**Student:** 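Once you've had a glance at the structure underneath, I'll fire off some questions.
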2 protein chains.
Amino acid sequence: MDDTPACCPPVDGTAMSTARAAEVAALLKALADPVRLRLVSLIASTGTGEACVCDLNEAFELTQATVSHHLKVLQTAGVLEREKRGVWAYYRVRPEALAAVADVFSSPALAGVRA
Amino acid sequence: MDDTPACCPPVDGTAMSTARAAEVAALLKALADPVRLRLVSLIASTGTGEACVCDLNEAFELTQATVSHHLKVLQTAGVLEREKRGVWAYYRVRPEALAAVADVFSSPALAGVRA
DNA sequence: GCATCGTATCGACGCATGTCGATGTCCCGG
DNA sequence: CCGGGACATCGACATGCGTCGATACGATGC
């Protein structure tokens, strides 16, 4: 047996690459905010799958400018997509973005360690 | 019929609560960093499910203090747990934390909108 | 055309966060 | 007992981010 108290079992190459880590981190950063999380949830939980900004504004005790800012962050990250119909603007969730997050944290290399 | 161009189909109560949003956001904030993401990945991808700090230090071009800081953030958020054995400190992934994230973004209220 | 309403953008402010060097603490070997 | 190695903590700095008020922009209605 090897009873030398070596601390360093070498790391295999299964780990996430730096580039991919940056991608995922960018996506998570967009979602790592209570307001934005609730925005996504509110939009997703509508029957139609979309919501207009006037609804979302009333759901928070925040300035319209702030809500608009959060919506833009989510849109830039690819979580939401915007469509303007008439006077109003509607936001829709892009399910692929959320699925991507779910996939990362369901992957055997991360969550499945104890499987 | 109602042909007034009302923009506001009311929001049902299916959405995430403010309190839960804050919880999830805190967890996501801990994970929304390229370095921390790679730390979790590195630890999870070891055969033993744990890694010692000396390994992790060498995997980044960062100060030991910075890596230690990131590890503490992950530990505080409940993503990692720490165990000191002899001279070395070992970190292990808490699968429940990662599963919680996966669950949130797999829930029908969010990802399943288009199902 | 002009006032109005819905939404996006701008500039500024304060607070949180990532990074570092230096120092502290604990444990082990000699 | 004392020196050294492994990590954690501290203080400081720069940058990023959430929030706001004010303003700009485009479509409607009168």
Side-chain angles (χ1 to χ4, degrees), chain A residues 3-9 18 21-22 25-40 42-43 50-77 79-92, chain B residues 3-9 18 21-22 25-40 42-43 50-77 79-92:
Chain A
D3 56 353
T4 60
C7 71
C8 300
T18 305
L27 183 54
L28 288 181
K29 238 163 93 167
L31 291 165
D33 181 283
V35 175
R36 290 199 284 267
L37 223 41
R38 246 165 69 79
L39 276 172
V40 173
L42 281 170
I43 296 173
E50 62 183 13
C52 100
V53 179
C54 60
D55 282 337
L56 302 174
N57 277 330
E58 294 173 359
F60 299 89
E61 296 183 345
L62 290 173
T63 306
Q64 174 262 325
T66 301
V67 174
S68 187
H69 165 68
H70 285 306
L71 287 170
K72 177 161 196 174
V73 171
L74 288 168
Q75 186 191 358
T76 302
V79 178
L80 297 182
E81 55 187 6
R82 188 177 102 103
E83 184 190 353
K84 189 161 187 181
R85 286 205 304 270
V87 193
W88 296 292
Y90 292 82
Y91 281 89
R92 209 175 359 254
Chain B
D3 57 352
T4 59
C7 70
C8 299
T18 305
L27 182 54
L28 288 181
K29 236 161 94 163
L31 291 165
D33 181 283
V35 175
R36 291 200 282 266
L37 222 41
R38 246 165 68 80
L39 277 172
V40 173
L42 281 169
I43 296 172
E50 62 183 13
C52 101
V53 178
C54 61
D55 282 336
L56 302 173
N57 276 330
E58 293 173 1
F60 299 89
E61 296 183 347
L62 290 173
T63 307
Q64 174 261 324
T66 302
V67 174
S68 186
H69 164 69
H70 284 306
L71 288 170
K72 177 161 196 174
V73 171
L74 288 168
Q75 186 192 357
T76 303
V79 178
L80 297 182
E81 56 188 4
R82 189 177 101 102
E83 185 189 354
K84 189 161 188 180
R85 286 205 304 269
V87 194
W88 296 292
Y90 293 82
Y91 282 89
R92 209 174 0 253

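Every value quoted in this text rests on a predicted model; they were computed, and no experiment measured them. In what follows, chains carry the letters A, B, and so on, assigned in the order in which the sequence lines appear, proteins first and then strands, with residues in each chain numbered from 1.
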**Student:** What heavy-atom pair brings A:P34 and B:A21 nearest, and what distance separates the two atoms?
**Tutor:**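 Shortest heavy-atom contact: O-CB, 3.7 Å.
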
**Student:** Could you run through nucleotides 14-24 of chain C and give me one letter per nucleotide, 5' to 3': B if any protein heavy atom sits under 4.0 Å from the base, S if only the sugar-phosphate is that close, - if neither?
**Tutor:** ---SSBBBB--

**Student:** Taking all non-hydrogen atoms of both residues, which atom of B:K29 and which atom of B:R36 are closest, and how far apart?
**Tutor:**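 In this case the closest contact between B:K29 and B:R36 is O-NH2, 3.3 Å.
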
**Student:** Roughly how far apart are A:L42 CG and A:Y91 OH, rounded to 0.5 Å?
**Tutor:**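 Output value for this atom pair is 14.5 Å.
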
**Student:** Could you tell me the separation between the CH2 atom of A:W88 and the C1' atom of C:dC5, rounded to a whole number of Å?
**Tutor:**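 Going from CH2 in A:W88 over to C1' in C:dC5 covers 10 Å.
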
**Student:** Quick check: closest heavy atoms across A:H70 and A:V35, and the distance to 0.1 Å?
**Tutor:**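 Nearest pair, atom of A:H70 first, then A:V35: CD2-CG1, 3.5 Å.
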
**Student:** Over all strands shown, is A:R82 touching base, sugar-phosphate only, or nothing at heavy-atom distances under 4.0 angstrom?
**Tutor:**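 Since only primed, P, OP1 and OP2 atoms lie under 4.0 Å of A:R82, the category is sugar-phosphate.
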
**Student:** If you measure from CG on A:L71 to CD1 on A:I43, what distance do you get to the nearest 0.5 Å?
**Tutor:**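 Rounded to the nearest 0.5 Å, the CG-CD1 separation comes out at 6.0 Å.
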
**Student:** What are the two closest non-hydrogen atoms of B:A77 and B:L27, and how far apart are they?
**Tutor:**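 Distance-wise, the nearest heavy atoms are O-CD1, 3.9 Å.
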
**Student:** Contact class for B:Y91 vs. all strands (heavy atom < 4.0 Å): base, sugar-phosphate, or nothing?
**Tutor:**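 Contact class for B:Y91: sugar-phosphate only.
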
**Student:** Mind checking whether A:L28 and B:L37 have side chains closer than 4.5 Å, heavy atoms only?
**Tutor:**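 Result yes, sub-4.5 Å side-chain heavy-atom pair found.
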
**Student:** Just to be sure I understand the rule, does B:K72 reach a base, reach only the sugar-phosphate, or reach nothing, if contact means heavy atoms closer than 4.0 Å?
**Tutor:**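 If one applies the 4.0 Å heavy-atom cut-off, B:K72 turns out to touch the sugar-phosphate alone, with no base involved.
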
**Student:** For the helix from C:dG1-D:dC30 to C:dG30-D:dC1, what angle separates the axis at the start from the axis at the finish, each from five pairs, in steps of 10°?
**Tutor:**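 Both end axes considered, the difference amounts to 10°.
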
